[in-house]
Peer 1: 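Below is the structure I would like to discuss, written out as C-alpha coordinates.
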Amino acid sequence: MEIRQMKLKDAEKVRGLELSCIREYFAETIENNWDDLPKEWKDNLGASSANHFGSYLGDGLSFVAEEDGEIYGFIFAKILEHVFDVSKLVWIENMGVHPYARRNAVGYRLLRETLRKGREMGAEAGHSMIQSGNAPSIMLHKKIGFFMDRREVALLDLKDPKLKL
Ligand SMILES: CC(C)(COP(=O)(O)OP(=O)(O)OC[C@H]1O[C@@H](n2cnc3c(N)ncnc32)[C@H](O)[C@@H]1OP(=O)(O)O)[C@@H](O)C(=O)NCCC(=O)NCCS
(Lines give C-alpha, C1' and ligand atoms only; values in the text may rest on other atoms or scores of the structure.)
Protein backbone atom coordinates (compact mmCIF):
# COMPACT_ATOMS: atom_id res chain seq x y z
CA MET A 1 0.00 0.00 0.00
CA GLU A 2 1.53 3.32 -1.08
CA ILE A 3 1.04 6.46 1.02
CA ARG A 4 1.23 9.53 -1.18
CA GLN A 5 0.10 13.14 -1.19
CA MET A 6 -3.53 13.72 -2.08
CA LYS A 7 -4.10 15.31 -5.49
CA LEU A 8 -7.01 16.96 -7.28
CA LYS A 9 -7.54 13.81 -9.37
CA ASP A 10 -8.36 11.85 -6.17
CA ALA A 11 -11.42 14.00 -5.42
CA GLU A 12 -14.10 11.58 -6.58
CA LYS A 13 -12.69 8.43 -4.97
CA VAL A 14 -11.84 10.17 -1.71
CA ARG A 15 -15.34 11.68 -1.64
CA GLY A 16 -16.88 8.22 -1.87
CA LEU A 17 -14.69 6.83 0.90
CA GLU A 18 -15.12 9.81 3.24
CA LEU A 19 -18.90 9.77 2.81
CA SER A 20 -19.05 6.05 3.57
CA CYS A 21 -17.00 6.65 6.76
CA ILE A 22 -19.32 9.52 7.75
CA ARG A 23 -22.39 7.35 7.12
CA GLU A 24 -20.85 4.63 9.26
CA TYR A 25 -20.43 7.14 12.09
CA PHE A 26 -23.95 8.52 11.62
CA ALA A 27 -25.46 5.06 11.68
CA GLU A 28 -24.13 4.65 15.20
CA THR A 29 -24.97 8.10 16.55
CA ILE A 30 -27.99 9.56 14.77
CA GLU A 31 -31.40 8.00 14.44
CA ASN A 32 -32.14 9.83 11.19
CA ASN A 33 -32.28 7.79 8.04
CA TRP A 34 -29.42 8.93 5.78
CA ASP A 35 -31.72 8.97 2.74
CA ASP A 36 -34.10 11.39 4.49
CA LEU A 37 -31.42 14.02 5.18
CA PRO A 38 -31.43 17.09 2.87
CA LYS A 39 -29.20 16.70 -0.18
CA GLU A 40 -27.64 20.20 0.14
CA TRP A 41 -26.62 19.40 3.71
CA LYS A 42 -25.07 16.06 2.73
CA ASP A 43 -23.26 17.67 -0.23
CA ASN A 44 -21.48 20.03 2.16
CA LEU A 45 -20.39 17.31 4.61
CA GLY A 46 -16.74 16.42 5.00
CA ALA A 47 -13.43 17.86 3.89
CA SER A 48 -13.88 16.17 0.50
CA SER A 49 -17.00 18.24 -0.31
CA ALA A 50 -16.65 20.54 -3.34
CA ASN A 51 -16.55 23.59 -1.04
CA HIS A 52 -13.67 22.39 1.13
CA PHE A 53 -11.54 19.91 -0.84
CA GLY A 54 -9.20 22.46 -2.46
CA SER A 55 -8.34 24.10 0.84
CA TYR A 56 -6.86 20.81 2.11
CA LEU A 57 -4.48 20.35 -0.84
CA GLY A 58 -2.49 23.58 -0.49
CA ASP A 59 -0.24 22.67 2.44
CA GLY A 60 0.56 19.17 1.14
CA LEU A 61 -0.47 17.63 4.46
CA SER A 62 -3.36 15.54 3.10
CA PHE A 63 -2.47 12.00 2.02
CA VAL A 64 -4.08 8.92 0.52
CA ALA A 65 -3.29 5.23 0.75
CA GLU A 66 -3.41 3.69 -2.70
CA GLU A 67 -3.04 0.20 -4.11
CA ASP A 68 -3.64 -0.87 -7.73
CA GLY A 69 -5.26 2.46 -8.49
CA GLU A 70 -7.78 2.19 -5.65
CA ILE A 71 -7.90 4.54 -2.67
CA TYR A 72 -8.12 2.68 0.66
CA GLY A 73 -7.45 5.50 3.07
CA PHE A 74 -7.28 9.28 3.37
CA ILE A 75 -6.29 12.00 5.78
CA PHE A 76 -7.22 15.68 5.48
CA ALA A 77 -4.97 18.14 7.27
CA LYS A 78 -3.69 21.70 7.05
CA ILE A 79 -1.56 24.18 8.96
CA LEU A 80 -3.32 26.55 11.38
CA GLU A 81 -1.46 29.52 12.81
CA HIS A 82 -1.84 31.25 16.19
CA VAL A 83 -4.54 29.03 17.69
CA PHE A 84 -4.55 27.03 20.94
CA ASP A 85 -1.55 29.06 22.18
CA VAL A 86 0.58 27.62 19.39
CA SER A 87 2.21 29.55 16.53
CA LYS A 88 1.88 26.77 14.01
CA LEU A 89 -0.05 23.52 14.33
CA VAL A 90 -1.15 20.65 12.15
CA TRP A 91 -4.94 20.51 12.17
CA ILE A 92 -6.27 17.08 11.29
CA GLU A 93 -9.79 17.48 10.00
CA ASN A 94 -10.72 13.90 9.17
CA MET A 95 -9.27 10.54 8.24
CA GLY A 96 -10.64 7.17 7.31
CA VAL A 97 -9.67 3.73 6.08
CA HIS A 98 -11.84 1.41 3.98
CA PRO A 99 -13.28 -1.35 6.20
CA TYR A 100 -11.49 -4.05 4.12
CA ALA A 101 -8.10 -2.42 4.76
CA ARG A 102 -8.44 -1.75 8.49
CA ARG A 103 -6.08 -3.05 11.17
CA ASN A 104 -3.21 -3.13 8.71
CA ALA A 105 -1.47 0.04 9.92
CA VAL A 106 -2.88 2.13 7.05
CA GLY A 107 -4.40 4.70 9.44
CA TYR A 108 -1.20 4.74 11.46
CA ARG A 109 0.96 5.38 8.40
CA LEU A 110 -1.34 8.14 7.11
CA LEU A 111 -1.37 9.96 10.44
CA ARG A 112 2.38 9.56 10.90
CA GLU A 113 3.11 10.91 7.39
CA THR A 114 0.97 14.00 7.99
CA LEU A 115 2.63 14.70 11.33
CA ARG A 116 6.16 14.13 9.97
CA LYS A 117 5.54 16.52 7.08
CA GLY A 118 3.93 19.06 9.43
CA ARG A 119 6.92 18.92 11.75
CA GLU A 120 9.25 19.46 8.77
CA MET A 121 7.20 22.56 7.94
CA GLY A 122 7.78 23.94 11.42
CA ALA A 123 4.56 22.92 13.17
CA GLU A 124 4.92 22.61 16.94
CA ALA A 125 1.83 20.52 17.66
CA GLY A 126 -0.84 18.33 16.10
CA HIS A 127 -4.54 18.68 16.85
CA SER A 128 -7.19 16.23 15.76
CA MET A 129 -10.91 16.27 16.37
CA ILE A 130 -12.06 12.85 17.59
CA GLN A 131 -15.64 11.99 18.43
CA SER A 132 -15.92 10.79 21.99
CA GLY A 133 -16.53 7.05 21.98
CA ASN A 134 -14.66 6.46 18.72
CA ALA A 135 -12.43 3.81 20.26
CA PRO A 136 -10.45 2.84 17.12
CA SER A 137 -9.58 6.48 16.46
CA ILE A 138 -8.74 7.21 20.10
CA MET A 139 -6.48 4.14 20.26
CA LEU A 140 -4.79 5.10 17.00
CA HIS A 141 -4.05 8.62 18.22
CA LYS A 142 -2.76 7.32 21.53
CA LYS A 143 -0.49 4.90 19.73
CA ILE A 144 1.09 7.85 17.90
CA GLY A 145 1.47 9.70 21.20
CA PHE A 146 -1.45 12.15 21.25
CA PHE A 147 -2.47 13.36 24.68
CA MET A 148 -6.21 13.55 25.37
CA ASP A 149 -7.91 15.27 28.25
CA ARG A 150 -11.55 16.15 28.84
CA ARG A 151 -11.60 19.14 26.53
CA GLU A 152 -14.04 18.99 23.68
CA VAL A 153 -14.55 21.53 20.96
CA ALA A 154 -17.90 23.33 21.32
CA LEU A 155 -19.52 24.47 18.09
CA LEU A 156 -21.58 27.58 17.31
CA ASP A 157 -23.58 28.09 14.14
CA LEU A 158 -22.84 31.72 13.20
CA LYS A 159 -25.36 31.50 10.37
CA ASP A 160 -28.27 30.64 12.68
CA PRO A 161 -30.85 33.43 12.13
CA LYS A 162 -31.99 33.03 15.76
CA LEU A 163 -28.50 33.70 17.10
CA LYS A 164 -28.22 36.96 19.02
CA LEU A 165 -24.68 38.28 19.20
C1 LIG B 1 -9.86 4.94 12.95
C2 LIG B 1 -9.34 4.27 11.67
C3 LIG B 1 -8.91 5.38 10.70
C4 LIG B 1 -8.14 3.38 12.02
O5 LIG B 1 -7.54 2.94 10.82
P6 LIG B 1 -6.76 1.54 10.73
O7 LIG B 1 -5.98 1.57 9.46
O8 LIG B 1 -7.69 0.41 10.90
O9 LIG B 1 -5.82 1.63 12.00
P10 LIG B 1 -4.38 0.92 12.15
O11 LIG B 1 -4.41 -0.47 11.61
O12 LIG B 1 -3.33 1.82 11.60
O13 LIG B 1 -4.26 0.84 13.73
C14 LIG B 1 -3.25 1.54 14.46
C15 LIG B 1 -3.60 1.41 15.92
O16 LIG B 1 -4.85 2.02 16.20
C17 LIG B 1 -5.56 1.24 17.18
N18 LIG B 1 -6.79 0.67 16.57
C19 LIG B 1 -7.17 0.75 15.29
N20 LIG B 1 -8.38 0.15 15.12
C21 LIG B 1 -8.75 -0.29 16.34
C22 LIG B 1 -9.89 -0.99 16.81
N23 LIG B 1 -10.89 -1.36 15.99
N24 LIG B 1 -9.96 -1.30 18.12
C25 LIG B 1 -8.95 -0.94 18.96
N26 LIG B 1 -7.83 -0.29 18.57
C27 LIG B 1 -7.74 0.04 17.26
C28 LIG B 1 -4.60 0.18 17.63
O29 LIG B 1 -3.83 0.72 18.68
C30 LIG B 1 -3.74 0.01 16.40
O31 LIG B 1 -2.48 -0.52 16.69
P32 LIG B 1 -2.25 -2.12 16.70
O33 LIG B 1 -2.79 -2.63 15.39
O34 LIG B 1 -0.78 -2.25 16.85
O35 LIG B 1 -3.06 -2.63 17.86
C36 LIG B 1 -10.43 3.36 11.02
O37 LIG B 1 -10.94 2.50 12.00
C38 LIG B 1 -11.59 4.13 10.38
O39 LIG B 1 -11.50 4.56 9.24
N40 LIG B 1 -12.72 4.29 11.12
C41 LIG B 1 -13.91 4.96 10.58
C42 LIG B 1 -13.69 6.43 10.35
C43 LIG B 1 -13.19 7.14 11.59
O44 LIG B 1 -13.66 6.90 12.69
N45 LIG B 1 -12.23 8.04 11.37
C46 LIG B 1 -11.61 8.81 12.44
C47 LIG B 1 -12.23 10.14 12.55
S48 LIG B 1 -11.41 11.10 13.82
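Read the numbers this way: they start at 1 and go in the same order the structure lists the ligands and their atoms. Values in this document were obtained by computation on a predicted structure and should not be read as measured data.
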Peer 1: Check for a donor-acceptor pair, side chain of Glu2 on one end and backbone N or O of Ala65 on the other, with a separation under 3.5 Å.
Peer 2: no
Peer 1: Side chain of Arg102, backbone of Gly107: donor and acceptor closer than 3.5 Å?
Peer 2: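 Here the side-chain-to-backbone pair does not exist.
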Peer 1: Would you mind listing which atoms of ligand 1 come within a distance below 4.0 Å of any non-hydrogen atom of Asn94?
Peer 2: 47 (C)
Peer 1: Which atoms of ligand 1 have any heavy atom of Ser137 under 4.0 Å away?
Peer 2: 1 (C), 46 (C), 48 (S)
Peer 1: Strictly less than 4.0 Å: does any protein heavy-atom distance to atom 2 (C) of ligand 1 fall in that range?
Peer 2: no
Peer 1: Counting each atom of ligand 1 from 1 as listed, which ones have a heavy atom of Gly107 under 4.0 Å away?
Peer 2: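 Listed by number with element, the hits are 5 (O), 6 (P), 7 (O), 12 (O).
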Peer 1: Can you tell me how the ring of His141 sits relative to the ring of Phe146, calling it parallel under 30°, perpendicular over 60° and tilted otherwise?
Peer 2: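 The rings of His141 and Phe146 stand perpendicular, inter-plane angle above 60°.
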Peer 1: Does Ala135 have a heavy atom less than 4.0 Å from any atom of ligand 1?
Peer 2: no
Peer 1: Nearest heavy atom to atom 5 (O) of ligand 1: which of Leu111, Asn104, Val97 does it belong to?
Peer 2: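 Residue with the shortest heavy-atom distance to the ligand atom: Val97.
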Peer 1: Measuring from atom 24 (N) of ligand 1, which candidate in Arg103, Met139, Met95 has the nearest non-hydrogen atom?
Peer 2: Arg103
Peer 1: In terms of atom number and element, which parts of ligand 1 are under 4.0 angstrom from non-hydrogen atoms of Ala105?
Peer 2: 10 (P), 11 (O), 12 (O)
Peer 1: Would you find a donor on one side and an acceptor on the other, under 3.5 Å apart, between the side chain of Asp59 and the backbone of Leu61?
Peer 2: no
Peer 1: Is ligand 1 less than 4.0 angstrom away from at least one heavy atom of Met129?
Peer 2: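 Under 4.0 Å: yes for Met129.
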Peer 1: Purely on distance, is any nitrogen or oxygen of Lys143 under 3.5 Å from one on ligand 1?
Peer 2: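 Indeed, backbone or side chain, Lys143 has an N or O that close.
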Peer 1: Mark yes or no for whether Ser137, through its side chain, and Asn134, through its backbone, hold a donor-acceptor pair below 3.5 Å.
Peer 2: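 Checking the backbone N and O of Asn134 against the side chain of Ser137, no donor-acceptor pair under 3.5 Å is found.
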Peer 1: Counting heavy atoms only, which of Arg102, Gln131, Lys142 is nearest atom 40 (N) of ligand 1?
Peer 2: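 Of the listed residues, Arg102 has the closest heavy atom.
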Peer 1: Could you identify the single nearest non-hydrogen protein atom to atom 14 (C) of ligand 1 and state the distance to 0.1 Å?
Peer 2: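 Result: Leu140 CD1, 3.7 Å.
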Peer 1: Applying salt bridge (Lys or Arg N to Asp or Glu O under 4.0 Å), name anything that partners Lys39, two or more places apart in sequence or on another chain.
Peer 2: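 Scan of Lys39 (salt bridge (Lys or Arg N to Asp or Glu O under 4.0 Å), adjacent residues dropped) gives Asp43.
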Peer 1: If the cut-off is 4.0 Å to any non-hydrogen atom of Gly96, which atoms of ligand 1 fall inside it?
Peer 2: 39 (O)
Peer 1: Rounded to the nearest 0.5 Å, what separates atom OH in Tyr100 from atom CD in Glu70?
Peer 2: 12.5 Å
Peer 1: Could you tell me whether a side-chain N or O of Lys142 sits under 3.5 Å from a main-chain N or O of Met148, the two making a donor and an acceptor?
Peer 2: no
Peer 1: Just need the protein heavy atom nearest to atom 23 (N) of ligand 1, so name the residue and atom and give the distance.
Peer 2: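 The closest heavy atom on the protein side is Pro136 CG, 3.5 Å.
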Peer 1: Is there a donor-acceptor pair under 3.5 Å between the side chain of Lys78 and the backbone N or O of Ile92?
Peer 2: no
Peer 1: I'd like to check which ligand 1 atoms, numbered from 1 as shown, lie under 4.0 Å from a non-hydrogen atom of Asn134.
Peer 2: 43 (C), 44 (O), 46 (C)
Peer 1: When only distance counts, is Cys21 in polar contact with ligand 1, meaning an N/O pair under 3.5 Å?
Peer 2: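 Such a contact does not occur with ligand 1.
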Peer 1: Can you name the side-chain hydrogen bond (donor to acceptor under 3.5 Å, both in side chains) partners of Asn104, sequence neighbours left out?
Peer 2: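 Scan of Asn104 (side-chain hydrogen bond (donor to acceptor under 3.5 Å, both in side chains), adjacent residues dropped) gives none.
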Peer 1: Quick one: which ligand 1 atoms are inside 4.0 Å of a heavy atom on Tyr108?
Peer 2: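 In order of numbering, the contacting atoms are 12 (O).
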Peer 1: Evaluate the ring planes of Trp91 and Phe84, with Trp represented by its six-membered ring, and classify them as parallel (under 30°), tilted (30 to 60°) or perpendicular (over 60°).
Peer 2: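 Trp91 and Phe84: parallel rings.
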